[in-house]
Amino acid sequence: AYAWTTMIRGFVLSKSPEKAIEFFTRMKAQGVNPNNFSLLFMLKAFTMVLAYKEGRLIHGLILKLGLELDLFLHNALVHMYSLFGDMKSAHQVFGEMPMNTIATYNALISGCFSCGDVMGARKIFDEMIDRNVVTWNAMVSGYSKLGLLKEARFIFEEMPIRDVFSWSAMISGYSQSGRAIEALALFQKMQLSNIGPDSVTMVSVLSACATAGALDVGKWVHAYIDKNELRCDVFLGTSLVDMYAKCGCIDMALRVFREMPHKNVFTWNAMISGLSLHGHGEDALSLFAAMEKAHVIPNEVSFVGVLCACTHVGRVEEGCKHFNRMIQELNISPKIEHYGCMVDLLGRSGRLEEAREFIKSMPMAPN
RNA sequence: AGAACCUGAACUAA
């Protein structure tokens, strides 16, 4: 049981819940009984893949095996139920425990936010006697994600201690709401604090640089990453590619892109869109071909870049081909962006009747 | 003895 649990734990901690679930299934097939640890990780795994029903089954299994609900299992259950918006079950589990820790309340807060229940989150926060930095961070990030930046900032300013999570949550809040200047301003303030940015912080900062066209800050961040040896993973690499591309430094974007050992579809998309944005339509199209050759499956964003590139080089037929292939081969239902690209593509080449027909064929209301 | 709960992240048309 120990070996199985270690494997399952490893997969969950390395963010591969599918593999953890597979191992758990195999473990049970071998007749090994799950224990508190494996069940805890299964709750986590099903929470990660948003599998509510399976999560409930694990809860049932815990009860069936007569295992005692320790604090970890208890908190994981509260977290899972509240994340799925099943506040009734969450509160039921919550009420059954003689002792709820700060983490239990924190789990409820983040659950409320993920269901959009701002008032609920606020109420729990207000009623808490002991709060830790995670409590405050959960409030900052919860408000931020819902675009309630004033509220987030208020909490951020009020909190007694801030860690790198606090700063990152607040900066990404601004960045994701398109308020790049405020994100960068806060990043400047962060440098006056005693908390250093990590690679997650930098992803949001670079994203803000890309939006604002702040190439100088972006370059500074790049140098900082190298100098301080921040973990350069796919996220950070992609943000760098995107920042350079959006700021018009196609050469640097390509250089970072080529040097990245691991790329995913986001990385390719950032490079393809960047090329097409700056008039390198042909290069964008050949990069798209290279992506498929590398067995990276394009997603809906990839096709926005490709269709855009087709528009720039006036390749109407090729654009239509990609559009149809997206639907038929990849089972992606076109979004309003794709229809926008197609109308643009047809319109610019003077095929106005076809463009009109395209608009008529849209399943959603044209904007 | 040793496993561990809650908070931050990138690509998107006109």
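Predicted, not measured: the structure shown is a model, and the values here were computed from it. The chains referred to below are lettered A, B, ... by the order of the sequence lines, with proteins before strands, and numbering in each begins at 1.
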Expected output check: what is the dot-bracket annotation of RNA chain B, where ( ) and [ ] are pairs inside the strand (brackets for crossing ones), | is paired with another strand, and pairs are Watson-Crick or G-U under 3.5 Å? ..............
Does either side chain, that of [X] or that of [Y], offer a donor lying less than 3.5 Å from an acceptor on the other one?
X	Y	answer
Ser144(A)	Ser141(A)	no
Asn106(A)	Asn132(A)	yes
Ser166(A)	Asp163(A)	yes

Whole-Å gap separating [atom2] ([N]) and [atom1] ([X]):
X	N	atom1	atom2	answer
Asp233(A)	rA10(B)	CG	P	12 Å
Met190(A)	rG8(B)	CE	C1'	10 Å
Trp167(A)	rA9(B)	CH2	P	17 Å
Asp242(A)	rA9(B)	CG	C1'	13 Å
Lys335(A)	rU12(B)	NZ	P	11 Å
Trp136(A)	rU7(B)	CH2	C1'	14 Å
Leu346(A)	rA13(B)	CG	C1'	14 Å
Ile336(A)	rA13(B)	CD1	C1'	10 Å

Looking at RNA chain B, which of [range] put a heavy atom within less than 4.0 Å of it?
range	value
residues 265-282 of chain A	Phe266(A), Asn269(A), Ala270(A), Ser273(A)
residues 29-55 of chain A	Phe37(A), Phe41(A), Lys44(A)
residues 59-86 of chain A	Phe72(A), Asn75(A), Ala76(A), His79(A)
residues 92-107 of chain A	Ala103(A), Asn106(A), Ala107(A)
residues 171-178 of chain A	Ser172(A), Gln176(A)

Please lay out, stage by stage, how Asn75(A) and Met97(A) fare under the test side chain to side chain contact (heavy atoms under 4.5 Å, CB included). CA-CA 10 Å; Asn75(A) 288 342; Met97(A) 191 70 178; over 6 Å; no
From C-beta outward on [X], which listed nucleotide comes closest to its side chain: [options]?
X	options	value
Tyr2(A)	rG2(B), rC11(B), rC6(B)	rG2(B)
Thr6(A)	rA9(B), rA3(B), rU12(B)	rA3(B)
Ser204(A)	rC11(B), rA3(B), rA9(B)	rA9(B)
Cys308(A)	rA13(B), rG8(B), rC6(B)	rA13(B)
Glu300(A)	rU12(B), rA10(B), rC6(B)	rU12(B)
Phe235(A)	rA14(B), rA9(B), rC6(B)	rA9(B)

Partners meeting side chain to side chain contact (heavy atoms under 4.5 Å, CB included) with Gln30(A) (sequence neighbours left out): Trp4(A), Val32(A)
Can you give each donor-acceptor pair under 3.5 Å made by side-chain atoms of residues 252-265 of chain A, sequence neighbours left out, with the distance rounded to 0.1 Å?
{"unit_1": "Lys263(A)", "atom_1": "NZ", "unit_2": "Phe257(A)", "atom_2": "O", "d": "3.3"}
{"unit_1": "Lys263(A)", "atom_1": "NZ", "unit_2": "Met260(A)", "atom_2": "O", "d": "3.0"}
{"unit_1": "Asn264(A)", "atom_1": "OD1", "unit_2": "Phe266(A)", "atom_2": "N", "d": "3.0"}
{"unit_1": "Asn264(A)", "atom_1": "OD1", "unit_2": "Thr267(A)", "atom_2": "N", "d": "3.1"}
{"unit_1": "Asn264(A)", "atom_1": "OD1", "unit_2": "Thr267(A)", "atom_2": "OG1", "d": "3.0"}

Contact between [X] and [Y] at the side-chain level, heavy atoms closer than 4.5 Å - yes or no?
X	Y	answer
Asn269(A)	Asp242(A)	no
Pro34(A)	Phe24(A)	yes
Phe113(A)	Tyr143(A)	yes

Please check: side-chain N/O of His322(A) versus main-chain N/O of Gly319(A), any donor-acceptor pairing under 3.5 Å? no
Give a yes or no on whether the backbone of Ala90(A) and the side-chain of Ser82(A) come within a donor-acceptor separation of less than 3.5 Å. no
Check for me, please, whether Val343(A) and Ile336(A) land in the same ILVMFWY cluster - side-chain distances under 4.5 Å, paths through other members count. yes
Which part of the nucleic acid, if any, lies within reach of [X] when heavy atoms closer than 4.0 Å are counted: base, sugar-phosphate only, or nothing?
X	value
Val304(A)	sugar-phosphate
Val164(A)	base
Thr201(A)	base

If the cut-off is 4.0 Å, is Lys263(A) near the phosphate of rC11(B), judged by side-chain N/O to OP1 or OP2?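 It does not, given that no N or O in the side chain of Lys263(A) lies less than 4.0 Å from OP1 or OP2 of rC11(B).
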Which pair of non-hydrogen atoms, one from Leu149(A) and one from Ser177(A), has the smallest distance, and what is that distance?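 It is CD1-OG, 3.4 Å.
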Considering only distance and modelled atom types, tabulate donor-acceptor pairs under 3.5 Å from the side chains of residues 327-334 of chain A, sequence neighbours left out.
{"unit_1": "Glu329(A)", "atom_1": "OE1", "unit_2": "Arg325(A)", "atom_2": "NH1", "d": "2.9"}

Quick one: ring-ring contact (aromatic ring centres under 6.0 Å, His included) partners of Phe165(A), sequence neighbours excluded?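 Expected list: none.
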Under the ring-ring contact (aromatic ring centres under 6.0 Å, His included) test, which residues partner Phe154(A), sequence neighbours left out?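 Listed in chain order: nothing, the list is empty.
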Under the 3.5 Å rule, do the base of rG8(B) and the side chain of Asp163(A) count as making a donor-acceptor pair?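 Check fails, no donor-acceptor contact within cut-off.
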Salt bridge (charged side-chain N to carboxylate O under 4.0 Å, His left out): which pairs involve residues 356-367 of chain A, sequence neighbours left out?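 For residues 356-367 of chain A, and leaving out neighbouring residues, the salt bridge (charged side-chain N to carboxylate O under 4.0 Å, His left out) pairs sorted by first residue read Glu353(A)-Arg356(A), Glu357(A)-Lys360(A).
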Measure the spacing between NE2 of His312(A) and CG of Leu275(A) and express it to the nearest 0.5 Å.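 Interatomic distance, His312(A) NE2 to Leu275(A) CG, rounded to 0.5 Å: 11.5 Å.
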Does the pair Cys112(A) and Met87(A) meet the rule for a side chain to side chain contact (heavy atoms under 4.5 Å, CB included), with working shown? CA-CA 8 Å; Cys112(A) 285; Met87(A) 295 317 280; 3.7 Å; yes
Is Arg122(A) close enough and on-axis enough to Phe125(A), meaning under 6.0 Å and within 45°, for cation-pi?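 Relative to the ring axis of Phe125(A), which defines the angle, Arg122(A) lies outside at least one limit.
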